[in-house]
2 protein chains.
Amino acid sequence: MPLTMKEKILIAAEKRVRSAGFTETSFRDLANDVGIKSASVHYHFPTKPDLGEALVTRYAEQFKAELDKIGLDDLHAALDGFISLYSNAFVLNESICLCAVMGAEAIGLPENVNQRTKAFFELNKAWLEALLVKHGVGDGGDAASLIVAALEGGMIVASASNDRSLFEQVAKAAIRGIGSI
Amino acid sequence: MPLTMKEKILIAAEKRVRSAGFTETSFRDLANDVGIKSASVHYHFPTKPDLGEALVTRYAEQFKAELDKIGLDDLHAALDGFISLYSNAFVLNESICLCAVMGAEAIGLPENVNQRTKAFFELNKAWLEALLVKHGVGDGGDAASLIVAALEGGMIVASASNDRSLFEQVAKAAIRGIGSI
DNA sequence: GTCTATAATTTGATAGAC
DNA sequence: GTCTATCAAATTATAGAC
């Protein structure tokens with residue numbers, strides 16, 4: 001099945017937002033990316049908040065699909081799989097997690113977008129917490145919250161520093177700290 | 001000594017950037033904030049990268065001044081003092097850390113701005129690492145990197161989720177994890 | 001240092017033809 | 001669904017008077 005124009009726009013938008021930011025991404029840029037005019041982009045996404053909401057929703061759905069592929073029986077393997085999702089999302093000078101961008105811009109963004117960003121973080125935290133509880137590690141959700149925050153923050157620090165190893169360092173330290181939290 | 005116009009502009013700019021983002025902050029907005037015209041803002045900061053660089057430099061200097069006030073003899077008190085700096089920087093629906101914003105926008109920002117953002121993160125990491133080493137906790141800088149990343153990421157997650165307790169949770173978990181890293 | 005005036009570009013969004 | 005055409009507003013930045 002070939003891509004619909006709506007999906008093509010979302011793919012182009014995700015790429016731009018994850019590198020330049022949401023506000024910096026314009027309908028005209030997206031129109032050029034997919035080979036139509038900006039008025040036609042508005043046909044698919046009437047307003048920018050509409051686009052933002054669809055963008056984060058799709059991102060969270062895809063992320064959830066990847067999470068569902070990770071086996072939960074081996075704690076270490078599962079944690080590695082989880083971190084790999086973040087690691088793959090972070091390409092130096094090219095892209096960070098969509099929700100790190102949306103989260104940083106959150107104060108100025110419409111509610112419907114922020115709700116979806118919040119849902120993404122909750123999804124991640126809930127998955128991690130379930131994994132830890134299953135293996136009798138960590139009592140509440142503190143460790144899960146810490147890991148999610150550290151991975152998102154690690155991307156931002158590493159991206160600004162133009163040094164990918166900073167992210168790797170944080171990711172490894174986050175895993176090593178589990179059990180004592 | 002009364003504030004210079006240059007400082008007034010930086011104060012207004014910091015407020016706007018920390019809530020709405022750097023790209024969203026315009027010279028006209030700042031001009032209105034301080035009661036002059038946008039052309040006059042350009043007199044003080046010829047280009048936007050000039051403004052961004054001055055902004056992050058000033059932020060890091062002020063942060064360093066606060067760090068220098070924290071006593072290092074009591075590990076727990078020092079960690080609490082460190083986290084308080086972040087805690088105070090984070091006001092729900094109003095502001096997050098300037099460098100969390102700049103870091104999230106980093107890919108699209110000019111080099112001179114990113115260098116200053118990187119310096120801010122290095123300053124934080126170095127201070128924390130020195131504290132931990134002094135008290136014989138943590139070998140390398142892994143724990144320090146983790147804490148900085150977790151605090152920055154915690155702000156972003158909490159801001160997008162409109163839930164300050166998420167930040168508090170991450171901050172506490174980050175401290176509790178020290179020693180095992 | 002601040003002003004007026006303006007240039008050149010970009011933005012989100014709409015109306016209406018096809 | 002996509003187009004042309006257009007709008008009203010906002011953006012960074014500069015020239016030159018005061």
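Lettering of chains follows the sequences in order, A, B, ..., and the numbering in each one begins at 1. Note that the coordinates shown come from a computational prediction; the quantities given were computed from them, not determined experimentally.
- Two residues are said to be in side-chain contact when any heavy atoms from C-beta on lie closer than 4.5 Å; B/Leu51 and B/Val41 fail this criterion.
- Remark: B/Lys125 does not engage B/Glu122 in a salt bridge, criterion side-chain N to carboxylate O under 4.0 Å.
- The distance from atom CE of B/Met155 to atom CG of B/Leu166, rounded to the nearest 0.5 Å, is 13.5 Å.
- A distance of 5.0 Å separates NZ in B/Lys134 from CG in B/Asp73, rounded to the nearest 0.5 Å.
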Any N/O pairs under 3.5 Å between the protein and nucleotides 1-4 of chain D? List them or say none.
{"residue": "D/dT2", "atom": "OP2", "partner": "A/His44", "partner atom": "NE2", "Å": "2.6"}
{"residue": "D/dC3", "atom": "OP2", "partner": "A/Lys37", "partner atom": "N", "Å": "2.6"}
{"residue": "D/dC3", "atom": "OP2", "partner": "A/Ser40", "partner atom": "OG", "Å": "3.1"}

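- Salt bridge annotation for A/Asp33-A/Arg16: present, with a cationic side-chain nitrogen under 4.0 angstrom from a carboxylate oxygen.
- To the nearest 0.5 Å, atoms NE2 (B/His135) and CG (B/Leu131) are separated by 5.0 Å.
- A straight line from NE2 of B/His42 to P of D/dA13 spans 6 Å, rounded to a whole angstrom.
- Using cut-offs of 30° and 60° on the angle between ring planes, the pair B/Phe82 and B/Trp127 is parallel.
- Using a 4.0 Å cut-off between charged nitrogen and carboxylate oxygen, A/Asp142 and B/Arg176 count as a salt-bridge pair.
- Looking at B/Glu66 and B/Lys69, a side-chain N of the basic residue comes within less than 4.0 Å of a carboxylate O on the acidic one, giving a salt bridge.
- Distance CG/A/Asn124 to CD1/A/Ile147: 11.0 Å, rounded to 0.5 Å.
- For DNA chain D, the neighbouring residues in residues 8-28 of chain A, judged by any heavy atom under 4.0 Å, are A/Arg28.
- Within residues 98-116 of chain B, no residue approaches DNA chain D, by heavy-atom distance under 4.0 Å.
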